[in-house]
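Just below is one structure, and these are the notes that go with it.
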Amino acid sequence: MQAGARTLAWGTSPLLMGIVNVTPDSFSDGGRYAEPRAAVDRALELVADGADLLDVGGESTRPGAAAVSAREELERVVPVLRLLRPLTEVPISIDTTKAEVARAALDLGCDLVNDVSGLRFDAGMLPLLAGARCGVVLMHMLGEPRTMQVAPRYDDVVAEVGAWLSDRLGELAVGGIEPARVVLDPGIGFGKRHEDNLALLRALPRLRARDRPLLVGASRKAFLGRILAEPEPERRIEGDLAVAAWCRAAGVEILRVHDVRAAARFFRTLETLSEA
Ligand code: HH2
């Protein structure tokens, strides 16, 4: 699919979206890359490790995280994007729910906007993206990060998330964002109980509306901590790789991961084994 000036081409394994958190309070790598130069070095390391895309974010969305102002988010991500854009040709996505941040990122050459609110939090986001050529990651979240894990409830999580993605895709189309530019994401961990996350991962093919590509972001998340009885997010790699194999078998197009090197080597091995 076309995403801004760049093209995403699907293969037998999902494309790897490497996570670049420019936040002091990310749940998984808390503040390590908050300095622009360090974030750029990390991004280039992810590309060398095999990242097919980069997702740059300046606001933590972990459960309970406090919102940051647009100004603060801009101060975090703009220096990184300005330095990074000329240094790599891989598509860059901006992880933001704010139209002002998305606009600045698109002006600096970002190719996709990854809005975990499903373009709900900022009324300016839909018209902005309608007037752009960028790719759009449309993710399902119940509520908002501050409260989403308080008491999430579904009668049938797969049917409800699937219907929401499909309906929202239609609303985006009415607003001027063609479905051909949109990637769908069930939003693992965003207003979901443990069993909801598992049900969604078990039913991935059912979440695909209008043949659009699927993105899964499960890397280091709490449900893996629970399965593995592992409190340290950075020590959940076995869970990440199991999810990677699972998503590959389910035909997922993009996997959002922290440890790109491990995932790339894992897929390279699987691909070599499956060559006829
Ligand atoms: N998960 C996180 C952030 N952005 N975007 C999409 N499309 N899908 C996801 O599952 C997703 C996302 C949370 O992970 P992380 O960026 O590691 O942590 P933080 O929220 O602290 O930035």
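These numbers come from the heavy atoms of this one structure, side chains and all, not from hydrogens, waters or symmetry mates. In listed order, ligands and their atoms are each counted from 1.
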(request) Select the closest option to atom 10 (O) of ligand 1 among H258, K221, M17, judged by heavy-atom distance. (result) K221
(message) Please tell me whether D122 and T97 have a donor and an acceptor in their side chains that are separated by less than 3.5 angstrom.
(response)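 Side-chain D/A pair, D122 to T97: absent.
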Flag [X] as yes when one of its N or O atoms lies below 3.5 Å from any N or O atom of ligand 1, and as no otherwise.
| X | result |
| --- | --- |
| N21 | yes |
| D185 | yes |
| M139 | no |

(request) Tell me, please: is D95 in heavy-atom contact with ligand 1, that is, under 4.0 Å? (result) yes
(message) With the threshold set at under 4.0 angstrom, would you say R220 reaches ligand 1 through any of its heavy atoms?
(response)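 No.
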(request) Could you pull out the closest heavy-atom pair between D259 and A262, with the gap in Å? (result)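 Looks like OD1-N, 3.1 Å.
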(message) Quick check: closest heavy atoms across L165 and L207, and the distance to 0.1 Å?
(response) CD1-O, 4.1 Å
(request) Determine whether the side chain, the backbone, both or neither of T61 has a heavy atom under 4.0 Å from any heavy atom of ligand 1. (result)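 It is both parts that get close, each with some atom under 4.0 Å.
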(message) Between D115 and T96, is there a side-chain heavy-atom distance shorter than 4.5 Å?
(response)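 Counting from C-beta outward, T96 and D115 never come under 4.5 Å.
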(message) In the structure I gave you, are the side-chain heavy atoms of P14 and F267 within less than 4.5 Å of one another anywhere?
(response)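 A side-chain contact exists here, since the closest heavy-atom pair is under 4.5 Å.
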(request) Kindly work out whether a path of hydrophobic side-chain contacts (I/L/V/M/F/W/Y, heavy atoms less than 4.5 Å apart) joins W164 to V174. (result)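 They do not share one cluster, since no chain of ILVMFWY contacts under 4.5 Å joins W164 to V174.
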